[in-house]
Amino acid sequence: MGIRKRPTSLGLDAPAILKEARKLLSRRIEQPTRRAFLQRTLSMGGLALLSGCSLSDEDSVEQALVTVSRFNDRVQGWIFDPNRLAPPYPDSMITRPFPFNAYYGIEDAPQVNEADYRLELSGLIADKRPWRLAQLRAMSQVDQVTRHICVEGWSAIGKWGGVRFSDFLRTVGADLQAKYVGFKCADDYYTSIDMPTALHPQTLLALTYDGQPLPREYGFPMKLRMPTKLGYKNPKHIQAIYVTNTYPGGYWEDQGYNWFGGS
Ligand SMILES: Nc1nc2c(c(=O)[nH]1)N[C@H]1C(S)=C(S)[C@@H](COP(=O)(O)O)O[C@H]1N2
Ligand SMILES: [Mo]
């Protein structure tokens with residue numbers, strides 16, 4: 001493994017650990033590659049201190065980075081304020097056209113057919129019957145104009161409408177004490193979020209964009225829209241939702257992006 005435990009005296013330097021943790025929080029992990037992720041996260045010395053490891057090869061460095069990133073998840077989870085709202089914007093500030101992004105080009109966006117679409121539910125949910133779009137449209141709808149921030153270096157303001165995700169989770173009898181909600185998409189994308197964010201009042205199961213049904217490339221038939229999280233945490237083309245206590249990871253998260261991904 002290449003990881004040696006350091007003497008505990010080094011691992012117990014609380015002020016230094018706090019200093020590193022503060023540094024970690026003030027930075028965003030914004031680059032797609034593991035190399036950049038490594039460079040931007042923190043100094044090797046601080047890393048060794050935080051993880052209690054000696055860093056002798058790439059594997060142990062990566063292992064330690066994952067440890068730091070998961071630590072960062074916990075800290076972000078502790079400081080997440082479920083009542084704090086992301087700023088709303090006026091309609092006049094909506095970015096037109098709204099940028100497209102995915103791990104493929106726009107012409108490869110999945111084509112989901114409404115007639116046979118069913119939203120699948122699994123895990124810690126009492127009523128696992130699949131949902132049709134019409135049933136979701138029949139629930140009470142809200143909309144909001146908020147900023148989407150992508151780690152690739154752009155942000156844009158958009159207007160999404162749909163069902164408050166907390167309403168949906170309550171309706172299906174999800175275990176609201178569970179740790180995670182996971183999403184599987186019609187492409188090969190997947191991601192997962194913490195339950196406090198799932199229950200945040202601005203977290204929407206979005207069915208519309210700018211008053212129209214969500215266009216194909218922006219996530220038809222539905223996406224999860226969270227103004228409190230970075231773009232990659234907002235899954236488009238949701239096919240299945242599950243509630244679990246087992247860490248589910250995500251498409252980019254499993255390649256080194258920070259899991260909590262707060263914005
Ligand atoms: N299914 C799916 N969801 C996804 C992605 C993807 O590739 N597939 N990319 C994510 C990223 S990185 C961003 S920035 C946003 C882009 O959403 P947009 O096309 O509406 O701008 O979708 C997120 N959700
Ligand atoms: Mo993104």
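What's counted below: heavy atoms across the whole structure, side chains too, no hydrogens, waters or symmetry copies. Remember, it's 1-based here, ligands and their atoms both numbered in the order they're listed. What you are looking at is a predicted structure, and each value in this text was computed from that prediction instead of being measured.
- Residue-ligand proximity, Phe100 to ligand 1, at heavy-atom distances under 4.0 Å covers atoms 19 (O).
- At a heavy-atom distance under 4.0 Å, no atom of Tyr251 approaches ligand 1.
- Under 4.0 angstrom from ligand 1, the non-hydrogen atoms of Trp154 all belong to its side chain.
- Each of the following atoms of ligand 1 lies closer than 4.0 Å to a heavy atom of Cys185: 1 (N).
- For the side-chain contact (heavy atoms from CB on, under 4.5 Å) criterion with Trp160, the lone passing option out of Val145, Thr208, Leu214 is Leu214.
- Put simply, no part of Tyr209 is less than 4.0 Å from ligand 1, judged by heavy atoms.
- Ring orientation note: the planes of Phe183 and Phe165 are tilted relative to one another, at an angle of 30° to 60°.
- Looking at residues two or more places apart in sequence or on another chain, you find no ring pair (Phe, Tyr, Trp, His ring centres under 6.0 Å) involving His237.
- Among protein heavy atoms, the minimum distance from atom 20 (O) of ligand 1 is reached at Tyr218 CD2, 3.3 Å.
- Assignment of His148 to the shell around ligand 1 is supported, since a heavy atom sits closer than 4.0 Å.
- In this structure, atom 19 (O) of ligand 1 lies nearest to the protein heavy atom Lys236 NZ, 2.6 Å.
- Within the 4.0 Å heavy-atom cutoff, Tyr257 does not count among the residues contacting ligand 1.
- Considering every non-hydrogen atom in both Met226 and Lys233, the closest pair reads CE-O, 2.9 Å.
- Counting heavy atoms from C-beta on, the side chains of Pro248 and Tyr242 come closer than 4.5 Å.
- In this structure, Trp154 and Phe98 have perpendicular ring planes: the angle between them is above 60°, well past the 30° mark.
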Assess whether ring-ring contact (aromatic ring centres under 6.0 Å, His included) is satisfied between Phe168 and Trp131, documenting all intermediate values.
-> CA-CA 11 Å; Phe168 178 77; Trp131 281 60; 4.9 Å; yes
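- Judged by a 6.0 Å distance limit and a 45° cone about the ring axis, Lys236 is not positioned over the six-membered ring of Phe220.
- Looking at Ala102 against ligand 1, both its backbone and its side chain come within 4.0 Å, counting heavy atoms.
- What sits closest to atom 10 (C) of ligand 1 on the protein, heavy atoms only, is Tyr189 OH, 3.7 Å.
- With atom 24 (N) of ligand 1 as the reference point, the heavy atom nearest to it among Asp187, Asn234, Thr95 is part of Asn234.
- Only backbone heavy atoms of Pro99 (N, CA, C or O) come within less than 4.0 Å of ligand 1; its side chain stays farther off.
- Side-chain N/O atoms of Glu253 and Thr191 include a donor and acceptor closer than 3.5 Å.
- Heavy-atom proximity to Tyr103, at under 4.0 Å, picks out these atoms of ligand 1: 7 (O).
- Under the 4.0 Å criterion applied to side-chain N and carboxylate O atoms, Asp194 and Lys179 are not assigned as salt-bridge partners.
- The backbone and the side chain of Tyr232 each have at least one atom closer than 4.0 Å to an atom of ligand 1 (non-hydrogen atoms only).
- Protein heavy atom in closest approach to atom 16 (C) of ligand 1: Asn101 O, 3.4 Å.
- In this structure, Tyr257 and Tyr232 have perpendicular ring planes: the angle between them is above 60°, well past the 30° mark.
- Contact atoms of ligand 1 toward Cys150: 14 (S) (distance under 4.0 Å to a heavy atom of the residue).
- Those atoms of ligand 1 with a heavy atom of Phe98 less than 4.0 angstrom away are 20 (O), 21 (O).
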